[in-house]
Amino acid sequence: MNSIVEAVNTAVAAARKKFSACTCANDVEAVRIEYLGRNGLFPELSKGMSQLAPEERKDAGRAFNEGRSAIQNMLQEKLSELNAGSGAEEAIDISLPGRRPRLGHRHPISQLTDECVAIFRRMGFIVADGPEIEDVYHNFDALNTPADHPSRDLQDTFYLPDGRILRSQTSPVQIRVMETHTPPVRIVAPGRVFRRDTPDATHGMNFHQIEGLYVDRGVSLADLKSVLQCFAREMYGDDVKVRLRPHFFPFTEPSVEYDFTCVVCGGKGCPVCKNSGYIEIAGAGMVDPAVFEAVGYDPTVWTGYAFGLGIERLAMLRYRIPDLRLLYDNDVRFLEQF
């Protein structure tokens, strides 16, 4: 066999063993110098090419080039292997204490909604749900809302091209439940609603409500006030009182607006409550007989009350938030306080 070809084959086999034994970049560099360095084996073999007979140079040259390429490839593979291992060691230091992954938490509106639901569950209410895209019948007609009522206007309600709307209240859930259930009915309906309001510190175009409905024999306005009083104390403390004021809503008769004792001043009077000692919360009342007739209930047999709560309003009072837009600015510095 050609002496150079034999020397190349022997060198490649030996280099493979030496590269496999390398444990660091310095070891790899030492093997490279031994075979490919200026005074290494392959430069020496190259000098001997001129001494070969012409018929031997072709085979020797092919073996020389293939051998040198094989060693260069082994060198690169070993360096890549060592670099990969080095990166893993730097990324995972088993001597360090473990790190707990940072976990997010639920939005304050979601937290407060669940708390409201839990309070009403303890009073015997169950949760009902309905679609956010409603038809006009369930959102207005079945709730005894006159055709010329301002809430039906384009300035107040979002209408879709097919005639449906984005619900302006969660009251349609009450209609859907009464259409499919016989009394007694005791539900709360939390959900998102939409109105064409100009966003400011206390208003938004989409916000959250939770509405309650109780239908049975002999239900009275006193029952309604007792439920609201119980909720207020659970949410804001034992000293909170409820005040009812006469009002008008198409779907309740009689209708009231109800206020809670100002949680800022404790009812003594302050700028937040305009020195009245009370803060307006929402509306309520006894279900109008026309609503019962729309769902097939006999108003001479059944009576009931309905009430609504704005979750954002509750959150502003609970957490002393001056502007509800802070809840939706996605500022982590604000949200992580909850």
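These values consider heavy atoms only, across backbone and side chains, with no hydrogens, waters or symmetry-generated copies. Residue numbers start at 1 and run along the sequence shown. Since this is a predicted model, take the numbers as computed values, not measurements.
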Do F251 and Q174 make a side-chain contact, defined as non-hydrogen atoms from C-beta onward lying under 4.5 Å apart?
no
Flag side-chain contact, heavy atom, 4.5 Å: E211 against V173:
no
For side-chain contact (heavy atoms from CB on, under 4.5 Å), just list the numbers for R243 and T261, CA-CA rounded to whole Å, side-chain angles, deciding distance to a tenth of an Å, and then say yes or no.
CA-CA 8 Å; R243 180 180 70 177; T261 306; over 6 Å; no
May I ask you to test the P146-H149 pair for a side-chain heavy-atom distance under 4.5 Å?
yes
Quick one: do V28 and K78 satisfy side-chain contact (heavy atoms from CB on, under 4.5 Å)? Show the steps, please.
CA-CA 7 Å; V28 175; K78 190 62 181 181; 3.7 Å; yes
Classify the angle between the aromatic ring planes of W302 and Y297 as parallel (below 30°), tilted (30 to 60°) or perpendicular (above 60°).
tilted
Does Y278 share a hydrophobic cluster with I281, counting links as ILVMFWY side-chain heavy atoms below 4.5 Å and allowing steps through other members?
no
Salt bridge (charged side-chain N to carboxylate O under 4.0 Å, His left out) contacts touching residues 291-311 (sequence neighbours left out)
none
Working for side-chain contact (heavy atoms from CB on, under 4.5 Å), residues L213 and Y305
CA-CA 6 Å; L213 171 71; Y305 60 71; over 6 Å; no
Answer yes when R318 and E115 have at least one side-chain N-carboxylate O distance shorter than 4.0 Å, and no when they do not.
yes
Check for a donor-acceptor pair, side chain of R233 on one end and backbone N or O of G237 on the other, with a separation under 3.5 Å.
no
Decide yes or no on ring-ring contact (aromatic ring centres under 6.0 Å, His included) for Y35 and F19, but give the supporting numbers first.
CA-CA 12 Å; Y35 291 98; F19 278 127; 7.6 Å; no
Got a second to check how far D331's CG is from E336's CD, nearest 0.5 Å?
8.5 Å
Is the closest side-chain heavy-atom distance between T157 and F194 below 4.5 Å?
no
Identify the heavy atoms of N139 and P172 that sit nearest to each other, and give their distance.
OD1-CG, 3.4 Å
So the side chain to side chain donor-acceptor pair (under 3.5 Å) pairs with at least one residue in residues 178-191 (sequence neighbours excluded) are H138-E179, R186-Y214
Measure across P250 and N144 and return the closest heavy-atom pair with its distance rounded to 0.1 Å.
O-ND2, 2.9 Å
R333, CZ atom: more than 12 neighbouring heavy atoms under 6.0 Å
no
Would D141 and R152 count as a salt bridge (Lys or Arg N to Asp or Glu O under 4.0 Å) here? Give the steps.
CA-CA 10 Å; D141 297 341; R152 290 177 178 257; 2.4 Å; yes
Path from L317 to I109 over hydrophobic side-chain contacts below 4.5 Å:
yes
Heavy atoms of V219 and V215 approach each other most closely as CG2-C, 4.4 Å
Point-to-point distance, once rounded to the nearest 0.5 Å, from CZ of R68 to CZ of F42
8.0 Å
Aromatic ring proximity F338/Y319, centre distance under 6.0 Å
yes
Quick check on the hydrophobic clustering: are V287 and Y137 connected, directly or via other members, by side-chain heavy-atom contacts under 4.5 Å?
no
As an exercise, state the distance from OG of S168 to CG of L166, rounded to the nearest 0.5 Å.
9.5 Å
Hey, does L314 have a side-chain heavy atom less than 4.5 Å from the side chain of L309?
yes
Rounded to the nearest 0.5 Å, what's the gap from CG on L79 to CE on M74? Could you check?
12.5 Å
Using every non-hydrogen atom in the two residues, find where S255 and F249 come nearest and quote the distance to one decimal.
OG-N, 3.2 Å
Min side-chain heavy-atom separation S80-N83 under 4.5 Å:
no
State, to 0.1 Å, how close M316 and D323 come at their nearest heavy-atom pair, and which atoms those are.
CE-N, 4.2 Å
Please answer whether the main-chain N or O of T170 pairs with a side-chain N or O of Q209 as donor and acceptor at a distance below 3.5 Å.
yes
Joint hydrophobic cluster, V295 plus V301, side-chain heavy atoms closer than 4.5 Å
yes
For the pair R164 and D162, find out whether any cationic side-chain nitrogen is under 4.0 Å from an anionic carboxylate oxygen.
yes
I'd like to know if the side chain of Q111 and the backbone of R106 have a donor-acceptor N/O pair within less than 3.5 Å.
yes
Return the set of residues passing side chain to side chain donor-acceptor pair (under 3.5 Å) with E134 (not counting sequence neighbours), or none when no residue passes.
R176
Strictly distance-based, threshold 3.5 Å: is any side-chain N or O of S276 a donor or acceptor partner for the main-chain N or O of G269?
no
Verdict with supporting geometry, L327 and F334, side-chain contact (heavy atoms from CB on, under 4.5 Å):
CA-CA 8 Å; L327 293 165; F334 173 79; 4.0 Å; yes
Rounded distance (nearest 0.5 Å) linking atom CZ of F158 with atom CG of N206
8.0 Å
Besides F140, the hydrophobic cluster formed by Ile, Leu, Val, Met, Phe, Trp and Tyr side chains linked at under 4.5 Å, directly or via other members, contains V136, L154, Y159, I165
Out of curiosity, C116 SG to L112 CG, how far, rounded to the nearest 0.5 Å?
4.5 Å
Under 4.0 Å between a side-chain nitrogen and a carboxylate oxygen: does that hold for R313 and E280?
no
Taking V185 as the starting point, is it possible to reach V188 by hopping between hydrophobic residues whose side chains are less than 4.5 Å apart?
no
Is there side-chain contact between V242 and D259, with heavy atoms separated by less than 4.5 Å?
no
Ignoring hydrogens and geometry, is there a side-chain-to-backbone donor-acceptor pair from D223 to S220 under 3.5 Å?
yes
Does the D197 side chain pair with the main chain of P199, one donor and one acceptor, at a distance under 3.5 Å?
no
Minimum heavy-atom distance between V291 and M178, given as atom pair plus value
CG1-CE, 4.0 Å
I need the full list of salt bridge (charged side-chain N to carboxylate O under 4.0 Å, His left out) pairs touching residues 8-18, with sequence neighbours left out, sorted by first then second residue.
K18-E34
Are any non-hydrogen side-chain atoms of M235 and I119 less than 4.5 angstrom apart?
yes
Would you please name every residue forming a salt bridge (charged side-chain N to carboxylate O under 4.0 Å, His left out) with D238, sequence neighbours left out?
none
Looking at H107 versus Y328, is the centre-to-centre ring distance below 6.0 Å?
yes
Should we say atom CG of N275 is surrounded by more than 12 heavy atoms from elsewhere, each under 6.0 Å from it?
yes
Just by distance, do the side chain of R32 and the backbone of Q72 share a donor-acceptor pair under 3.5 Å?
no
Using a strict threshold of under 4.0 Å (side-chain N to carboxylate O), is an ion pair present between R196 and D156?
no
